[in-house]
Structure formats: C-alpha cells, structure tokens
Amino acid sequence: MSDTVTIASHFEDAEQQREAGLMGMWLFLATELMLFAGLFGAFGIYRGLHGEAFAEAARHLDLPLASINTAILLTSGLTMALAERSVQAGLIVVARRWIVATVALGAVFLVIKGYEWHHEFAEGLMPLLGLPFDYDGSHPAQAELFFDFYFAMTGLHALHMLVGLGALAVLWVLGRPQPGPRADRYIRQMRITGMYWAFVDVVWVFVFTSLYLLRS
Amino acid sequence: MNRPIRALLLIWLALLVVLGLGVGVALLELGTWSLVLNLALALLMAALLVAVFMDLLHAAPVIRVFALGALLWVFLLAVMLPVDYLTR
Amino acid sequence: MSEPETHYLNDGWTLRSWLLTTDHKRIAWMYFATITAFFFIGGLAALLVRLELLTPAGDMVDSDTYNKLFSAHGIVMVWFFLVPSIPATMGNFLLPLMLGARDLAFPKLNLLSWYIFTLGGLFTMTAVIAGGVDTGWTFYTPYSTLFSNSAVVLAASGVFVVGFSSILTGLNFIVTTHKMRAPGLTWMRLPLFCWANYATSLIMVLATPVLSMALLLIVLERALGIGIFDPELGGDPLLFQHLFWFYSHPAVYIMILPGMGVVSEIITCFARRPIFGYTGMVISIMAIALFGFIVWGHHMFVAGQSLYAGILFSFFTFLVAVPSAIKTLNWTATLYGGRIRFTAPMIYALSFLGLFTIGGLTGVILASLAVDIHLHDTYFVTAHFHYIMVGGMVTAYLGGLHFWWPKITGKLYSGPWSIVAALALFIGFNLTFFPQFLLGFLGMPRRYHAYPEEFQLLHVMSTLGAGVLAVGYLLPMVYFGWSLWRGKPAGDNPWDATGLEWRTTSPPPKHNFVDTPTVTGRPYDYV
C-alpha cells in the first residue's frame, strides 16, 4: 500500500505517519478534556456549595427541549461514525451523504440551542453584559452564578460545535472521487474529524447532565 | 477498524435508552440518589461514545494508556480540588 | 576541521526562508531570538525594581508604578521566558537530533506554535507596558476582576493564547518521542534530556488547559460582566487560585525538568563517566512530573484554605523532595571518580547543582505549615524561587547553550571569556539572592517599594549583585556574537561527547543525518 501513499519527507513510512497523526489527535483531545475538566471542576465546587440554589435554578431550564436536542446530537454521532465507515470502505459518495446528514443534525442542534438562549433572554434569565436578571426563585444571587455557568458551558460547547461543523464542511468539499494517495489522506482526515465530533458529544453529555439533570 | 453497522446502530440505541433513563431519574427527584445515578449514567454514555464512536476499542495499546492517563488526571483534579472545600 | 559545505543555516538566505520554514532547527533559532528579547525586557524591569530598592524611601518610582514593574517582570519572565526557554529552543533543536529523526512529527504545527507564542507575547507585552498591570504575574481574583483596569483582560488573554503554543509544542514532542526514534533507540537508551523534555511535554499537555480555563473565566467575568469568582453571588475567589496553581505549580516543573535534562548531559560529558543510576533518574523525572500535580495547595497555606487541605498538600510537598534529592545525589555520584574538565558548560552545570540544592532545601522549609506562616510573602520566598528559576533554570539554560553552541552554529567561542561569564553568573546570583533569604527571615515582605532602614545593607548587596549578574548575562551575547563572525570551526564533536546529535556535522544538514543512525547501546558511553 505504501507505494500509493504520499509520505511527508520526515516520516519513514505510511504506518508511522498514520499513527503519529492519530496519536497527536488523541493528545489534543486529552488537552481539551482537561480544559473542560477545569470548567466542570469549578462548577462542581459551586454545585457542592450551593446545592439547593443550583437545583432550583436548574428547574428553570427547558428540560424536554434539551433532551430532544441531546438525542439529536447523539444521532449525529451515529451518522458521523457511518460516514467514517463508508470512507474506509471506499464509498466516498455515500460518505459525503452521511457528512451532509451530520452537518444538518449539528445545525439543528445549534438552532434549538439558540432558541433556548433566546427564550432565557426573553425571560430575563441572561445575566450577561449588564442585562437585568429577573429570577423568581428563593436564591437569586446564587442562581445568577448558575446562569453564568450555564452560558459559559453551553457557549463554549457551541463554539466547539462550530469548529466541528467547519471541519465537516471542508471534508465535504474535499471528498470528490480521488486517486489513491489522496484517498489515504482523506481517510485519516475523516478519522480525526470523527474523533473530534464524538468528543464534542461526550462534552455535551456532561454539560447536559450538570446543568439540566441535577435538579434535586 | 471496520465497525459493523449493526454494532453502531445498537450503540446508538443504547445511548438513547441511557439518555431516557437519565431524564427519568432526574424527573423522579431522588435527591442525592439522583445525583449519583445521573453522574453514573453520564459516565456510561461517555464510555460508550469513547469506546465505539471514537473507536478506542481498536486503538493501539499506547493510545489506551494515554486515555487512561487523561482519565487519571481528571480524577486528580476531581479528588484534590474538593479537599479544601469539604474540610473548611 | 572544516565546516560542511551545505547545512541548515546556509540553505536559503531570504526572510521568507526563515519565516515560513518548517525546519525544527530554524524554528529553534526563531525562539532563541524571541525569548532573548523578552528576557532582556523582563530583566530591565527587574533592574528598575532593584534600583528602587537601593534606598529605604520609595523615591524613584511611586508605589503604583512599582507594582506595575514587578508585575511586568514576573509576567514576562515566567510566561514568555521560563516556560518556553529550554524546550522551545534547545528541545526543538536537539530532540529530533538526539532521537535520530529528520524533524519533529508535525513540522508545520511547530511553526504555528512559534507564531502563536510570538503574537501572544507581543500582545501581552503591549498590554503590560502601555496599559499597566498591577496584579502580579498570578492574576489573582479579586484583584484581577473587581479592582483592576482593563489591561488585565488583555494581558490574561495574551497568556491564554500563548498557552496553546506550549500545548502544541508538548504534543509535538510526545508524538515525536514515541514515533520517530532511530532504530535501536529503545526507551531505556534515551538520553535523559529526551526524558526530561518528554515529562515536561506531558505536563504542558495536561496542565496548561486548566490554566487556560481559569484565565478564560477571568476574561469572561470581565468582558461579559458576569460573576464567576464574585463573592456577592456566592462565588469563591480562592477557587481561581486552586485552578491557577493546578497549572502553575506543575509549571515550576515545566521550568526545571528540562534544566535537569541539560545538566545530566553536561555532567556526564565533562566528568567522562556514564550517569550514576540511569533508571533511578528516569523514574525520578517521571515521579516529579506526577507529584508536581498534587502539591499546588502549598501556595495557599495562608490564603484561607482549610487546615486539613494544608496538611495534605504539605505532606505531598515533602514527598516531591525525594525524587529531587535522588537526582542531586546521582549527579554528585556521577562526578565521583570522574576526570573533570572545568569548561564553561561544566561550571554552569556545577553551579546548577549547588544552587538547585539550596533552592530545593529552602522549599522543604517553606513546605512546613507552621514555618510558612512566618515566611510567606517575604523575601525568603522570593529568594527560594529565584534559586530554582534563575539559579536552576537560567543557569542550566546558559550551560546548555554553551554546550551545544558548537553544534548549533558550527563555531567555537572564547574559552576564557566564557569561564568568566559563568563565574560572574554564580557570584552575581548569590550576591543578589542570598541576602534576600536573610531579609525574608528578618521579616521584609515582598512587593513593597519602601522599607525600614535596618534592611538597607542587605538590599544594597542585592542590587550590587544584580549588576554583576547583568554582566554574566551580557558577556555571552558578546562572545557568542563574535564567534559567529570569527569563531574557529568546531568540527563534529568538539567535546568528544556521546549522543546522536554529535554524530552529524556541525551545523547539521537540513535533514539532520545523511544516513539514519542506529543505536546499539545505552547512553553516556564514556570510559
């Protein structure tokens, strides 16, 4: 296989190049994991200190909508895995369809998320940029802290989604029928994007659990 | 590398079931039990995603060591950070 | 001996051939240039601080300016010199050579790291100098959130950005060490410099993101007007310190571990002996990297942390002394019975050994809870960490530079002058910082620009020492510069050292080796 693959001049062979790329991505995701660990650590400390207030604030969020949204994101994880599988089987045309499906699901997720944000803005639950915070519960100060974290966490996650969608768009454009060496590279790019996409799902699972589900 | 479609679909279904369970547990409002169960279910979903959708199952041994290491470091933060707050 | 006809330095002379290079050796040079500039800017701030402290009255600058000066010194030195120093320059240059590789695993990423570093650095520098930041290098809340000007947000954003440069460098080094080793170069045959950079990289990848998040939360708090660390909402300013030191204590090991790697290379070469207890050294390096993560609370003993957390962190801090002591012992044992040559690199390495030991032992004193109540925030602490950061890291940095200069440039520098510079550093350093142990013990607090008259003698000694130290820093610039024009060709291996980097020409060819070398035995094969 190695005679049909483009190898950068500093690598010995295709195997070394492929494994180096994968390892780099795993390490990058370890870094991302620690980034979010810092955020969740801070949230966890406050959840411990102000349990009752945070649980009450959590009940002000739209759980049904967020649950549907979580299901949509998990489904996009499936379509992404299917896209990867198709590329590995050499079915580029099929893979591009799965990419379109993944992008569509990701976009729907972001639209629903945006609708939720707008809803909270309208209800006066968006304590950013000096906007009024109009909260009817019994711990307004700590609830404000909760909503600060809500926007920081969901915002940071949405930012990661946008990066992922951008990468998918590039993959879609690149994914025209190609000669051998480029196809190998395409498989690697697909694999790396797929890992990133699944990681963004993992992050969302914890965002969802921390913010929406811990309500008692 | 080539994960069969059936396995992927099954994992997807499992994820949705665990999601439903998590929402159910949260709605029952069992206090501390909800907290523990919800965190456990979240970990389960994350494990499924990492093992199958990120394909850690078929990754090289050194990658699995890295994944364990990253987990250990999250654990360090998660254990050492609350020490101060729990004993103040 | 003559130079090779073509090498990485004469392969293209245009600005473009430098700014768009993916050659790790040229990128190392770009880092050398950038961090040297940052070093002298940070040094200038330190000089002004020392001049102010010549007299007891706060007469040269007012207290606000003084706050900005020591903040500028700390921010520039820690974030833009010490953290990248050895890994980004010598690590970048030597790691592929020592591994027998043609380049790092991701050459373009390496170039990107330099751009991120330089742009972030310039950005922060502008904020620090033009806007003025008075929080100290640590950006503690609530100073940085409730009581500061907007330059703090810009400075913290710059540090946030620079963090990604060290993450990407660390990632690159780890993958390179795993995947690019020459045939026969097993893990237990790696030079300790490689191990040290590997451990450093692990810390960079695992710790830096937590700092990034802490800084991001400050920036969000300020930019969006939210209250993550605001006590009025139930937030906790100490939480910032926890997250900050989760990175910044391991960062101390980011700064010292590569220095330990350099010293291991130098001592073995100039004692002509293999390193004593190679396996123990490897285990200590990795143990320091791991333990470094569970001691951060010793920066917060008197900050309001719980007593029990204090006890736990104090205990772990004592534990870190064990691997550090093993390393010191092994270096000393390596010297025993060796045929020692007192060249400039060796003098730097021996200085490191002494100064690091003093810095480490005073660290044990500070780790004791009760003693720390007396010594915290005094000059004792300042002296302690300067013994590690300057006495340890900067000394090792200069030692490494002197050791590998002939390899990097293909030229020899002046032997006698370099010995003068190494001695000036040792004498100037001790004169500057030893009096500060006494000052701190007598109760002189850090970060004050005026002080009672009885402290003046010690402060004058310290300022004089800083003058000598400056000579020790400037002199190498002169003879290194001179050697580039007039230096004799160095030949492939002027020190008669082992290690793959000495098996290629000086300066090395663009792709490092004409034929990929193979390794057949353990490192430090000196007899």
Side-chain angles (χ1 to χ4, degrees), chain B residues 1-3 15 19 22 25-88, chain C residues 170-171 174-175 177-179 181 187 198-199 201-211 213-214 234-247 249-250 286 289-317:
Chain B
M1 281 303 273
N2 264 328
R3 295 154 287 179
L15 283 168
L19 170 67
V25 167
L27 286 174
L28 286 177
E29 303 202 359
L30 304 169
T32 312
W33 278 110
S34 285
L35 185 82
V36 172
L37 283 173
N38 276 135
L39 288 181
L41 290 171
L43 283 173
L44 179 60
M45 285 170 89
L48 289 174
L49 283 166
V50 174
V52 181
F53 284 5
M54 283 169 81
D55 210 15
L56 186 61
L57 274 183
H58 297 97
V62 59
I63 299 290
R64 277 180 267 169
V65 172
F66 280 7
L68 261 181
L71 209 62
L72 173 72
W73 253 258
V74 173
F75 181 74
L76 275 184
L77 184 68
V79 170
M80 297 291 288
L81 191 58
V83 166
D84 174 25
Y85 292 89
L86 293 174
T87 55
R88 267 196 199 164
Chain C
L171 190 155
I174 294 175
V175 176
T177 312
H178 272 279
K179 290 287 162 206
R181 298 193 311 277
W187 283 91
Y198 182 78
S201 305
L202 284 180
I203 304 177
M204 284 174 165
V205 166
L206 291 168
T208 316
V210 179
L211 171 81
M213 183 46 72
D236 179 21
L238 260 198
L239 181 60
F240 174 79
Q241 292 191 24
H242 277 299
L243 295 176
F244 179 84
W245 289 114
F246 184 87
Y247 165 77
H249 192 80
M286 299 309 279
L290 174 66
F291 287 166
F293 275 89
I294 49 177
V295 300
W296 81 78
H298 68 217
H299 295 270
M300 302 163 61
F301 282 160
V302 294
Q305 183 183 235
S306 91
L307 178 62
Y308 300 99
I311 293 171
L312 193 68
F313 282 122
S314 172
F315 172 73
F316 285 135
T317 307

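Chain naming here is simple, since letters A, B, ... match the order of the sequence lines and numbering starts at 1 in each.
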Practice task
Below 4.5 Å from any heavy atom of chain B, which atoms of C:Leu312 appear? Answer side chain, backbone, both or neither.
Solution key: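 When you check distances to chain B, only side chain atoms of C:Leu312 fall under 4.5 Å.
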Find the distance between [atom1] ([X]) and [atom2] ([Y]) and round it off to the nearest 0.5 Å.
X: C:Leu206; Y: B:Leu76; atom1: CG; atom2: CG; result: 9.5 Å
X: B:Asp84; Y: C:Asp236; atom1: CG; atom2: CG; result: 7.5 Å
X: B:Thr87; Y: C:Leu307; atom1: OG1; atom2: CG; result: 8.5 Å
X: C:Phe293; Y: B:Met80; atom1: CZ; atom2: CE; result: 12.0 Å

Problem - Among B:Leu77, B:Val83, B:Val79, residue most engaged with chain C (heavy-atom pairs, under 4.5 Å) - result: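 Maximum pair count with chain C is reached by B:Leu77.
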Practice task
State, to 0.1 Å, how close C:Gly304 and B:Arg88 come at their nearest heavy-atom pair, and which atoms those are.
Solution key: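 Heavy atoms of C:Gly304 and B:Arg88 come nearest at O-NE, 3.7 Å.
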Handout entry: Neighbour count >12 (heavy atoms, 6.0 Å) for atom CH2, B:Trp33
Key =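 Atom CH2 in B:Trp33 is not packed in, count stays at 12 or less.
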Problem - For chain B, the option from C:Val210, C:Val205, C:Leu239 that forms the most heavy-atom pairs under 4.5 Å - result: C:Leu239
Exercise for the section: Measure the shortest side-chain to side-chain distance between B:Phe66 and C:Leu202 over non-hydrogen atoms and say whether it is less than 4.5 angstrom. Expected result: no
Exercise for the section: Could you check whether the rings of B:Tyr85 and C:His242 sit parallel, tilted or perpendicular, using 30° and 60° as the cut-offs? Expected result: tilted
